[in-house]
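The chain is numbered in sequence order, starting from 1.
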Amino acid sequence: MKYVDAAQVQKKMNGRILKNNILKTLFLAATLFGLVILAILIIRVLLQGASWINLDFLTGKLSTSADRAGIMGAILGTFWLMVVVIPVTLFLGVGTAIYLELYARKGKFQSFVQTNIANLAGVPSIVYGILGMTLFVRALDFGNIVLAGGLTMSLLVLPIIIVAAQEAVRAVPQDLSEASYGMGATKWQTVKNIILPAALPGILTGSILSLSRAIGETAPLVVIGIPALLIPFPGGIMDKFTVLPMQIYYWTLDSSLVAEYANLAAATIIVLLVLLFLLNATAIIIRNKFQKRY
């Protein structure tokens, strides 16, 4: 029997400790670098756009004059876009996840659908814009209205919600379902009263991230031809519209000609960030409430 060489063990331990310290330092530096860049961007946006935010800016119409331009049309367009996206993605996404996890037979079909959903979650957003333009704008002849934009953005975030909802359903302890069946409940009663409430915090988390992405996406809307012109305020899902990211995009382009448009873009970014923070905070509160209950 050979004895352990203490010197060799100590040498290997020193090497591992050194490697651990080096990698920890690299990861910390990478994290700090990202945080510093993010802080610089936020400070730059705040300094450049905060002074331009006032009641006239928030409630005014779009204008060719930077001093009189407002974003109420873009805010209403974003609201109506979410009116379409939220119900479509939640009903279809959660329903698909429940079917695949609890009703679909395990086999080639289920595996095929599952694989394609996972692949669709990584498709670039501009591809969904091309699909939306082909299907909703041209084939169904909707034009560049809220409904076409909302359905296009729903296609973009739907795979993410499905995957998140599936993971949330899988995380529900099997004992809860078995206890429900043991008490004589049907499968649908078990799903409605036991599985869905227990999985709701995870489903909400995935929905929050997906809807935040939908609010901030620009590429699909550019492809389907959403304008940033002097259009009337949208009053429903059948009206033409623009959204906050589109307005930021066009004002950033126009800043090369008129410097004040860069300030308008920065102010719009601040408004968009505030809306995202409010959306996330509200959803987190709801999620925590359900977590405590279940």
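Hydrophobic clustering keeps L264 apart from L55 (ILVMFWY residues linked when any side-chain heavy atoms are closer than 4.5 Å, directly or through intermediates). Residues I160 and L200 are members of separate hydrophobic clusters, defined by side-chain heavy-atom contacts under 4.5 angstrom among Ile, Leu, Val, Met, Phe, Trp and Tyr. In the hydrophobic cluster analysis, where Ile, Leu, Val, Met, Phe, Trp and Tyr join through side-chain heavy atoms closer than 4.5 angstrom, M13 is grouped apart from L18. Hydrophobic cluster membership differs between L47 and L273, with clusters built from Ile, Leu, Val, Met, Phe, Trp and Tyr side chains linked at under 4.5 angstrom. No continuous path of ILVMFWY side-chain contacts below 4.5 Å connects Y181 to I194, so the two sit in separate hydrophobic clusters.
For T205 (side chain) and P201 (main-chain N/O), a donor-acceptor pair under 3.5 Å exists by modelled atom type. Of the possible polar contacts, none joining the K240 side chain to the G143 backbone as a donor-acceptor pair under 3.5 Å is found. N116 contributes a side-chain N or O that, together with a main-chain N or O of F112, makes up a donor-acceptor pair within less than 3.5 Å.
For F142, the CZ atom is densely surrounded, since the number of other residues' heavy atoms within 6.0 Å is greater than 12. At most 12 heavy atoms of other shown residues, nucleotides or ligands fall within 6.0 angstrom of atom CZ in R138. Remark: K106 NZ is packed, more than 12 non-hydrogen atoms of other residues, nucleotides or ligands lying under 6.0 Å away. Remark: R68 CZ is loosely packed, at most 12 non-hydrogen atoms of other residues, nucleotides or ligands lying under 6.0 Å away. The 12-atom threshold is exceeded at OH of Y103, counting heavy atoms of other residues, nucleotides or ligands nearer than 6.0 Å.
Side-chain contact between I195 and L176 is absent, with no heavy atoms from C-beta onward closer than 4.5 Å. Put simply, the side chain of V169 does not reach to within 4.5 Å of the side chain of L100, judged on heavy atoms. No side-chain heavy atom of L62 sits less than 4.5 Å from a side-chain heavy atom of F233. Looking only at side-chain heavy atoms (C-beta outward), I75 and L244 come within less than 4.5 Å of each other. Within the 4.5 Å cutoff, the side chain of T96 has no heavy atoms near those of the V113 side chain. Residues I215 and V85 form no side-chain contact, since every pair of their non-hydrogen atoms from C-beta on lies 4.5 Å or further apart. Side-chain contact between S180 and Q189 is absent, with no heavy atoms from C-beta onward closer than 4.5 Å.
No hydrogens or angles considered: a donor-acceptor pair under 3.5 Å links the side chains of S125 and E217.
What you find for I224 and G129 is that their closest heavy atoms are CG2-O, 3.5 Å. Taking each heavy atom of V157 and A214 in turn, the nearest pair found is CG1-CB, 3.9 Å.
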Determine, stepwise, if the pair Y128 / L120 fulfils side-chain contact (heavy atoms from CB on, under 4.5 Å).
CA-CA 10 Å; Y128 288 99; L120 287 173; 3.5 Å; yes
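Tested against I40 for a side-chain contact (heavy atoms from CB on, under 4.5 Å), the candidates L38, I43, V36 yield a single pass: V36.
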